[in-house]
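The block underneath contains the structure these notes are about, expressed in structure tokens.
The residues of the chain are indexed from 1 along the displayed sequence. Computed from a predicted structure; not experimentally measured.
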Amino acid sequence: MSTSNVVCSTECVDVTWSSGRTTSLPNLWLRDNCACDDCRITQTEEKKFILTQVPADIAPSGASCESDVLAIEWPDGHRTIYTADFIHSISTPRRPCVRHWTGDFQPLQVDYAAFTGDGAVAVEAISEFLETGVVVLTGAPTEPETLEALAEHLGPIRELLFERIHNVELDPNGYNVAHTSLPLPPHNDFASYSWPPSVQALHFLANETPGGDSIVVDGWRVLEELRRDKPEMFSALCSMPVPFREFDDTNETYAVAPIIELNADGSIARFRFSNQLMQTMNPTQPGVTDFYRAYHELCQRITDDAAKSRFRMEGGSILLVASHRVLHARDEFEPIGRRHLQDAYFEHDNVRNHLTVLQRKAANR
Ligand SMILES: [Fe+2]
Ligand SMILES: [Zn+2]
């Protein structure tokens, strides 16, 4: 047995696999991720071992690698095995594929009955939704509360204040600009929540008014271009806390957060944009001038016609948007016919879960 392809130190184990590639594995990582039956709950595959069972400076008492299987001996006699395939598989980040688009893009249209009745159609539609952040379902019933039925396909409804299923129609007492016939600039809903809903469904029960075309904007595409062209503006939008509020006589929602929130790897996690809900910022705090320059540039970019995908939603159509990414908007309409839509919210994690479930079902067939 040769151990020349494994080198142990007080910090890590360096292993050279048969491919010639060398991987450096920290000692505590090696011990923490042991997958043996003592370290895992075999029924659930969850971790049972907890790091407090070993000292922080633990190091292997021995290690070897034969046929790309790394075996570690620990001072207390415990033994841990890793394969090269496992190490390589977890070195590849598990990230959904994101396809950016501009104003010449038109969302995929999918028949509602096919989406709800055929797993293969749902897999295609949800995959497209995860990549582009938008899909339109057509031919849905025009009954109120139809969105309740989507819970079976998108996960439970994310309930928010005001209404469980939100009604949007002309309303002289409405709490939001959506209840007028005015144009709506690109925005996402409920910026006034610290965790705004991550999926929105807009179901048109009737659309009989001239004008009022629907608009969507790929917010993440706009932000990535801003990061490329004006990095200092991008970072001003990441760091300045901005207040948002939505309220009526009985509800008060309020959150303070930056317009752009990033993941630990620097990729965009959330875009929060609502001209109508944004509140007056304290003008004496440092950075407001730079923030406002950046915000002006952002407003120009997201309202640019070249960024807007525009289409008409007929009664019975449902627009689905990944609302931490895609902004929605509408043109002004003439208030001379019936226009009624209902909004419900879902969560992106649950939609991704549904795709996994459908794919597993298909694989087991
Ligand atoms: Fe909205
Ligand atoms: Zn173990």
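Under the 4.5 Å side-chain heavy-atom criterion for grouping Ile, Leu, Val, Met, Phe, Trp and Tyr, Val199 is not connected to Val134 through any hydrophobic cluster. No chain of hydrophobic side-chain contacts below 4.5 Å, direct or via other Ile, Leu, Val, Met, Phe, Trp or Tyr residues, connects Val98 to Val326. Hydrophobic clustering of Ile, Leu, Val, Met, Phe, Trp and Tyr side chains at less than 4.5 Å, counting indirect connections, keeps Leu319 apart from Leu160. Val69 and Val6 fall into different hydrophobic clusters, defined by Ile, Leu, Val, Met, Phe, Trp and Tyr side-chain heavy atoms under 4.5 Å apart, directly or through other members. Phe311 and Val110 fall into different hydrophobic clusters, where Ile, Leu, Val, Met, Phe, Trp and Tyr residues are linked whenever their side-chain heavy atoms come under 4.5 Å apart, directly or through other members.
Atom CG of Asn263 is separated from atom CD of Glu261 by 10.0 Å, given to the nearest 0.5 angstrom. How far CG of Asn27 is from SG of Cys8: 7.5 Å, rounded to the nearest 0.5 Å. Asn207 CG to Thr142 OG1: the interatomic distance, rounded to the nearest 0.5 Å, is 12.5 Å. Going from atom CG of Leu108 over to atom OG1 of Thr132 covers 7.5 Å, rounded to the nearest 0.5 Å. Going from atom CG of Leu205 over to atom OG1 of Thr146 covers 6.5 Å, rounded to the nearest 0.5 Å. One distance of note links CG of Asp111 with CD of Gln109; it measures 10.5 Å at 0.5 Å rounding.
If you look at Phe190 and Trp195, their ring centroids are not closer than 6.0 Å. Ring to ring, Tyr295 and Phe273 are close: their centroids are under 6.0 angstrom apart.
Looking only at atom types and distance, the side chain of Thr83 has no donor-acceptor partner in the side chain of Asp85 under 3.5 Å away. Looking only at atom types and distance, the side chain of Asn176 has a donor-acceptor partner in the side chain of Glu246 under 3.5 Å away. Side chains of Thr22 and Thr16: a donor on one and an acceptor on the other come within 3.5 Å. In this structure, a donor-acceptor pair under 3.5 Å is absent between the side chains of Asp189 and His166. With no hydrogens or angles considered, no side-chain donor-acceptor pair links Ser309 and Trp101 at under 3.5 Å. Side-chain contact check for Gln300 and Asp304: no donor-acceptor pair (N or O, by modelled atom type) lies under 3.5 Å. Glu347 and Ser198 form a side-chain donor-acceptor contact under 3.5 Å, judged by distance and modelled atom types alone. In the model, Asp343 has a side-chain atom that pairs as donor or acceptor with a side-chain atom of Gln200 under 3.5 Å.
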Give the C-alpha distance, both sets of side-chain angles, the deciding distance and a yes or no for side-chain contact (heavy atoms from CB on, under 4.5 Å) between Leu147 and Tyr345.
CA-CA 9 Å; Leu147 291 176; Tyr345 304 92; over 6 Å; no
Quick one: do Trp17 and Thr23 satisfy side chain to side chain donor-acceptor pair (under 3.5 Å)? Show the steps, please.
CA-CA 8 Å; Trp17 309 103; Thr23 315; 2.7 Å; yes
Go through it in stages, so that I can follow the logic: the residues are Arg21 and Ser91, the test is side-chain contact (heavy atoms from CB on, under 4.5 Å), and I'd like the CA-CA distance, side-chain angles, deciding distance and then a yes or no.
CA-CA 13 Å; Arg21 179 168 155 188; Ser91 309; 3.9 Å; yes
Please step through ring-ring contact (aromatic ring centres under 6.0 Å, His included) for the pair His348 and His324, ending with a clear verdict.
CA-CA 9 Å; His348 205 262; His324 288 181; 8.0 Å; no
Walk me through it: do Asp38 and Lys48 pass the test salt bridge (charged side-chain N to carboxylate O under 4.0 Å, His left out)?
CA-CA 8 Å; Asp38 287 338; Lys48 182 169 72 180; 5.7 Å; no
Go through it in stages, so that I can follow the logic: the residues are Glu224 and Arg227, the test is salt bridge (charged side-chain N to carboxylate O under 4.0 Å, His left out), and I'd like the CA-CA distance, side-chain angles, deciding distance and then a yes or no.
CA-CA 5 Å; Glu224 288 299 356; Arg227 165 148 56 186; 3.0 Å; yes
Audit row: Thr42, Asp37, side chain to side chain donor-acceptor pair (under 3.5 Å) steps and yes/no:
CA-CA 6 Å; Thr42 50; Asp37 286 356; 5.9 Å; no
After noting the C-alpha distance and the side-chain angles of His340 and Asn167, does the key distance pass the side chain to side chain donor-acceptor pair (under 3.5 Å) rule?
CA-CA 7 Å; His340 183 189; Asn167 284 282; 2.8 Å; yes
Could you check Asn353 against Asn350 for side chain to side chain donor-acceptor pair (under 3.5 Å), going step by step and ending with a plain yes or no?
CA-CA 5 Å; Asn353 163 71; Asn350 296 335; 5.7 Å; no
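Not counting sequence neighbours, the partners of Val256 by the side-chain contact (heavy atoms from CB on, under 4.5 Å) test are Pro241, Pro243, Tyr254. Among residues two or more places apart in sequence or in another chain, the ring pair (Phe, Tyr, Trp, His ring centres under 6.0 Å) test is passed with Tyr175 by Phe162, His179. Here Arg31 pairs with nothing under the salt bridge (Lys or Arg N to Asp or Glu O under 4.0 Å) rule; sequence neighbours left out. When the ring pair (Phe, Tyr, Trp, His ring centres under 6.0 Å) test is applied to His78, no partner is found at least two apart in sequence or on another chain. Residues meeting the ring pair (Phe, Tyr, Trp, His ring centres under 6.0 Å) test with Phe204, sequence neighbours left out: none. When the ring pair (Phe, Tyr, Trp, His ring centres under 6.0 Å) test is applied to Tyr112, no partner is found at least two apart in sequence or on another chain.
The pair Arg352-Asp349 counts as a salt bridge, with a side-chain nitrogen and a carboxylate oxygen less than 4.0 angstrom apart. The existence of a salt bridge linking Arg339 and Glu169 is excluded, since no basic side-chain nitrogen approaches an acidic carboxylate oxygen closer than 4.0 Å. Using a 4.0 Å cut-off between a side-chain N of Lys or Arg and a carboxylate O of Asp or Glu, Asp213 and Arg330 do not qualify as a salt bridge. A salt bridge is defined here as a Lys NZ or Arg NE, NH1 or NH2 lying under 4.0 Å from an Asp or Glu carboxylate O, and Arg164 with Glu159 meets this definition. Taking 4.0 Å as the cut-off between side-chain N and carboxylate O, Glu128 and Arg99 count as a salt-bridged pair. Salt-bridge annotation for Asp331 and Arg310: present, with a side-chain N of the basic residue lying under 4.0 Å from a carboxylate O of the acidic one. Taking a cutoff of 4.0 Å between a charged side-chain nitrogen and a carboxylate oxygen, Lys308 and Asp218 do not qualify as a salt bridge. A salt bridge is absent between Glu297 and Arg293: the closest approach of a Lys/Arg side-chain nitrogen to an acidic carboxylate oxygen does not fall below 4.0 angstrom. Salt bridge annotation for Arg312-Glu314: present, with a cationic side-chain nitrogen under 4.0 angstrom from a carboxylate oxygen.
Judged by distance alone, the side chain of Ser127 and the main-chain N or O of Val123 form a donor-acceptor pair under 3.5 Å. Arg272 places a side-chain N or O within donor-acceptor distance of the main-chain N or O of Ser194, the cut-off being under 3.5 Å. Of the possible donor and acceptor atoms, none in the side chain of Arg301 sits under 3.5 Å from a partner among the backbone N and O of Leu223. At least one donor-acceptor pair under 3.5 Å links the side chain of His328 to the backbone N or O of His187. Checked by atom type and distance alone, the side chain of Asp14 never pairs as donor or acceptor with a backbone atom of Leu25 at under 3.5 Å. Without hydrogens or angle criteria, Ser61 side chain to Glu73 main chain gives a donor-acceptor distance under 3.5 Å.
Enclosure of atom CZ in Arg228 by more than 12 non-hydrogen atoms of other residues, nucleotides or ligands within 6.0 angstrom is indicated. Counting heavy-atom neighbours within 6.0 Å of Ile41 CD1, excluding the residue itself, gives a total above 12.
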